[in-house]
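One structure is given below, encoded as C-alpha cells.
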Amino acid sequence: MSEVKTRFAPSPTGYMHIGNLRTALYAYLTAKSMDGKFILRIEDTDQDRKVDGAIQVIYDTLAIAGLHNDEGPDCGGPAAPYVQSERLPIYREYAQKLVEQGDAYYCFCTKERLAELHEAQQAPDFKGRHGYDGHCRDLPKEEVDALLAAGTPYVIRQKAPQAGTTAYRDVVFGEVSVNNSELQDIVLIKADGFPTYNFAHVVDDHLMGVTHVTRGSEYVAQTPSYILIYRAFGWEHPTYIHLPLIMGKDAEGNVAKLSKRHGSVSFQDMIADGYLPEAIINYIALLGWNPKTDEEMFTLAELEKRFTPDAINKSPAIFDYEKLLWFNGQYIRKLSPEAFLEKALPFIREAVKNEAYDAGKIAALLQQRLEKMTQIPAQLTFFDAMPEFEDELYVNKKSKSTLETAPAALAKGIEVLEGVEDWTNEKLYYALKEAADELGFKANAVMWAVRIAVTGTMVTPGGATDILEILGKEESLTRMKKAAARFAA
RNA sequence: GGCCUCAUCGUCUAGCGGUUAGGACACGGCCCUUUCAAGGCCGCGGCGCGGGUUCGAUUCCCGCUGAGGUCACCA
C-alpha cells in the first residue's frame with residue numbers, strides 16, 4: 001500500500017474557525033498516526049468570497065498550532081500547484097472528459113430559473129423532490145452544440161444515476177448507503193469557469209495522492225456523489241474519516257453547528273483573548289476523540305503518538321469554554337517563569353505603567369492564579385493608583401480584622417516596617433508577624449489591614465507582603481500612612 | 001418536508017450482556033493558606049421512553065421521542 005496522505009483544504013475566508021482547526025488537527029494526526037504525509041491545499045474557487053491576506057491567516061494558524069504540512073503552496077511538492085485557482089485547466093480537462101463519457105452534461109438553466117425552482121420547492125405544500133429538476137440532462141447534442149456556439153452561459157453538471165444505491169465504508173460512521181434517487185446532479189464547473197468544491201476536491205485528492213479524507217460530518221450525505229465521480233473516472237476513492245460536528249450554543253442556549261452565532265469562534269480571536277495554542281489543541285483534540293484512558297493532558301507530540309482514527313466518536317460535541325479555560329490555566333502554570341513573563345508582559349504593562357514595579361515579580365504572583373492572559377490587567381489596577389474604597393473593606397471575619405484592629409495594625413505596621421532595611425517578602429512577613437505578636441493580634445489581622453491599606457482592593461494577586469515588596473519601601477509606607485491618617489481624621 | 005446520522009451526569013467522555021456505571025470540567029463542602037487562586041480530600045449528579053431477545057440489558061434488535069446534519073453556480 002502506498003504512503004498515507006491526508007490533507008487540510010480550507011478556503012481562505014480570512015479567519016480560522018475553530019471547527020476547521022480541529023479538522024486540520026485530526027487530518028494531521030491521522031497522517032502522523034500512520035507515518036504519513038500531511039498536505040495543505042487552498043480551496044479558493046469562490047470568486048465572490050475572496051479575501052486579501054486570507055491565505056496568510058491559514059499559514060499563521062498552522063504555524064501557531066504547530067501543524068506542519070509536508071506539501072502545500074508554501075513549501076511546494078510533487079502535485080503543485082496547491083492552490084485551486086491555479087489549477088483551472090486541470091478541472092476543465094477532467095470535466096470535459098466526463099461530458100464526453102456521458103457522466104456529465106452542459107446545463108444552460110439560468111440562475112433565475114433555478115431560483116424559481118427553488119422557491120417553488122420551498123412552498124409548504126410542495127411534495128416531490130427538491131433540487132435540480134434535470135431540465136438540461138437530456139438535451140439533444142445538436143441543441144447543446146448550437147447553444148454552445150451561440151455563447152450561452154452554462155455550467156457542467158454531474159449525470160448521476162437515478163436508480164440503485166451508492167455505498168461506502170466510513171471509518172467512524174461505518175456503512176453509509178444512499179439511494180441514488182436522492183442524489184442531485186451537482187454542478188461540477190460553474191458559469192465562471194471555476195470548479196465547485198464538489199468537483200475540485202475529488203480531482204485534487206486523486207491527483208495529489210490523498211489516501212484518507214478527514215473532514216466534518218456535514219459531508220457524509222454528499223460523499224456518495226463524490227464516489228460516483230471517482231467511479232466515472234475509474235479511480236479508487238480514498239478512505240473517509242468523517243468527524244462528528246462541534247456544536248455551539250447561542251444566546252438562548254440553542255445548540256447548532258458551531259458558528260459565529262452559535263458559540264463564536266475564530267482561532268485568532270481566542271489567541272488574542274489570551275488562550276494558549278497548546279491548550280486549544282489539547283482541548284479540541286478531546287472533542288470527539290479520547291485515548292481510552294483517564295489521561296487528558298496531551299501535547300501535540302504526544303497526540304501524534306497516541307491518536308488513532310478508529311477511536312473517533314460519532315456523536316456531536318458541544319464546545320465548552322469552561323473546560324477550555326481550565327486547560328488554559330493548566331498550561332499557563334506549566335510555562336517556565338520566563339516564558340510566562342514574556343506572554344504576560346504586554347498585559348501587565350497595560351495596567352501597570354510604572355516600570356519601577358518589577359514585572360517579573362508581578363508575573364510570578366499571577367502565574368498561579370490565572371486562566372487566561374486577558375484576566376491580567378483587571379487584577380493589577382491598584383499598582384498605578386489606589387482606588388477609592390470604603391473602610392468596610394478592613395472588616396474581615398476570617399482574618400479577625402475589624403475597624404478597631406485595623407488602625408492599630410496599621411500604626412504598628414508602619415512603625416515596624418520603617419525599620420526594615422532588607423525589603424523582601426520574607427523579611428516583611430516576619431516583621432509584620434512580630435508586629436501582630438506585640439499587639440496580641442492574629443497575624444492575619446495585620447496582614448489583612450496592611451494589604452487593604454496599600455491596595456484598597458478586596459482580592460489581590462498575592463498577599464500583603466508580596467505586594468509590599470513590589471511596591472517598594474517608600475511607596476508602601478506612603479500608602480500606609482495615608483490610610484492610617486484616614487482613621488485619625 | 002424528503003433523506004441521513006446521533007443519543008451515558010449540566011458539559012466532554014470510559015463502558016463494547018453480569019460494574020457499587022469510571023474519569024475530567026462545572027457545582028457544593030472540607031483541608032491548606034498572608035486576601036483570592038492554585039493544590040489536596042470528600043460530595044452532588046447520568047444510562048431519553050416503550051417494546052422485544054436473554055437467566056440477566058447502559059450494552060443486542062425494533063418502534064417512538066429528542067437533537068443534529070444535508071438537500072446552492074458555498075465550501
Side-chain angles (χ1 to χ4, degrees), chain A residues 9-11 13 43-46 48-49 107 109 111 114-115 118 121-132 153-157 173 176-179 181-184 186-192 194-198 200-201 215-222 242 244-245 247 249 255-257 283 286-297 313-327 329-330 333 365-371 379 396 398-399 401 425 428-429 432-433 443-444 446-448 450-452 455 457-467:
Chain A
S11 57
T13 57
E43 310 221 320
D44 59 344
T45 56
D46 187 351
D48 295 336
R49 294 211 301 192
C107 170
C109 291
K111 290 198 177 181
L114 263 19
H118 182 70
Q121 291 168 353
Q122 292 307 304
D125 56 337
F126 179 81
K127 288 282 188 294
R129 250 171 69 106
H130 284 239
Y132 185 60
Y154 66 87
V155 302
I156 294 178
R157 283 183 187 274
F173 288 93
V176 177
S177 164
V178 307
N179 288 324
S181 60
E182 295 296 329
L183 267 23
Q184 306 282 325
I186 56 176
V187 171
L188 269 22
I189 302 288
K190 298 183 269 192
D192 64 3
F194 279 70
T196 56
Y197 161 83
N198 297 143
H201 92 273
R215 59 161 54 136
S217 67
E218 64 263 37
Y219 291 105
V220 168
Q222 294 172 68
H242 283 109
L245 262 15
M247 314 299 282
K249 282 184 179 173
V255 174
K257 190 161 75 166
Y283 176 64
L286 263 16
L287 243 31
W289 174 86
N290 79 84
K292 305 288 178 191
T293 68
D294 287 343
E295 304 159 272
E296 57 180 4
M297 295 301 289
N313 280 112
K314 290 192 241 237
S315 40
I318 295 175
F319 191 90
D320 181 11
Y321 272 94
E322 292 286 355
K323 184 130 188 190
L324 204 215
L325 215 43
W326 176 80
F327 270 111
Q330 295 292 313
R333 255 154 259 133
L365 297 180
L366 253 15
Q367 189 170 8
Q368 297 308 312
R369 59 199 100 213
L370 263 191
E371 284 182 306
Q379 296 188 39
N396 182 271
K398 211 179 120 202
S399 294
S401 178
N425 186 19
L428 291 166
Y429 181 78
L432 288 180
K433 179 91 166 58
N444 283 8
V446 174
M447 298 300 172
W448 183 277
V450 171
R451 194 175 58 84
I452 294 300
T455 66
T457 305
M458 170 90 83
V459 173
T460 59
T465 59
D466 291 309
I467 291 163

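The structure presented is a predicted model; accordingly, all values stated were derived computationally and were not measured. Naming: A, B, ... by sequence-line order, numbering from 1 per chain. The basis for the numbers below is simple: all heavy atoms, side chains too, and nothing from hydrogens, waters or symmetry mates.
Rounding to whole angstrom units, CG of residue A/L114 and P of B/C74 are separated by 11 Å. Going from atom NZ of A/K249 over to atom C1' of B/C25 covers 13 Å, rounded to whole Å. Atom NZ of A/K323 and atom C1' of B/U11 are 9 Å apart (whole Å). Going from atom CH2 of A/W326 over to atom C1' of B/A24 covers 6 Å, rounded to whole Å.
Looking at A/Y283, its side chain does come within 3.5 Å of a backbone N or O of A/D320 through a donor-acceptor pair.
In terms of the salt bridge (charged side-chain N to carboxylate O under 4.0 Å, His left out) criterion, residue partners of A/E295 (sequence neighbours excluded) are, by chain and number, A/R306. Annotation: salt bridge (charged side-chain N to carboxylate O under 4.0 Å, His left out) contacts of A/E371 (sequence neighbours excluded): none. In this view, A/K190 satisfies the salt bridge (charged side-chain N to carboxylate O under 4.0 Å, His left out) rule with no residue, not counting sequence neighbours.
Residue A/L324 is classed as having no contact, given no heavy-atom separation below 4.0 Å to the nucleic acid. At the heavy-atom level, A/N198 lies under 4.0 Å from base atoms of the strands shown.
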Collect all protein-nucleotide pairs involving nucleotides 68-72 of chain B in which both atoms are nitrogen or oxygen and the distance is under 3.5 Å.
unit_1, atom_1, unit_2, atom_2, d
B/G68, OP1, A/V255, O, 2.7
B/G69, OP1, A/K257, N, 3.3
B/U70, OP1, A/K257, NZ, 2.9
B/U70, O3', A/Q222, NE2, 3.2
B/C71, O2', A/Q184, NE2, 2.9

Using a cutoff of under 3.5 Å, can you pull out all pairs of nitrogen or oxygen atoms linking the protein to nucleotides 40-47 of chain B, with atom names and distances?
none

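A/R49 and A/D46 are joined by a salt bridge, as a carboxylate oxygen and a charged side-chain nitrogen come within less than 4.0 angstrom of each other.
The gap from the P atom of B/G29 to that of B/U70 amounts to 43 Å, rounded to the nearest Å. Nucleotides B/A14 and B/A7 are separated by 10 Å at their P atoms, to the nearest Å. Using C1' as the reference atom, B/G22 and B/G15 are 8 Å apart when rounded to the nearest Å. With P as the reference atom, B/C27 and B/A38 are 9 Å apart, rounded to whole Å.
Candidate nucleotides B/C25, B/A75, B/U5 were compared by shortest atom distance to the side chain of A/E322, and B/C25 ranks first. The side chain of A/K292 lies closest to B/A14, out of B/A14, B/A26, B/C73.
Close to B/C74, at under 4.0 Å from its OP1 or OP2, lies a side-chain N or O of A/K190. Neither OP1 nor OP2 of B/U5 sits under 4.0 Å from any side-chain N or O of A/S315. An OP1 or OP2 oxygen of B/A14 is reached within less than 4.0 angstrom by a side-chain nitrogen or oxygen of A/N313. Contact annotation: A/N290 does not reach the phosphate of B/U13 (side-chain N/O to OP1 or OP2, under 4.0 Å).
Between A/I186 and A/T196 there is no side-chain heavy-atom pair separated by less than 4.5 Å. A/K249 is not listed as a side-chain neighbour of A/F319, based on a closest heavy-atom distance of 4.5 Å or more.
For the pair A/E43 and A/K314, both in contact range of RNA chain B, the more 5′-proximal nearest nucleotide belongs to A/K314. For A/P10 and A/A317, each mapped to the nucleotide of RNA chain B holding its nearest heavy atom, the one lying further toward the 5' end belongs to A/A317.
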Report task. Heavy atoms under 4.0 Å is the rule here; annotate nucleotides 27-38 of chain B 5' to 3' with B where the base is hit, S where only the sugar-phosphate is, and - elsewhere. Result -> ------BBBBBS
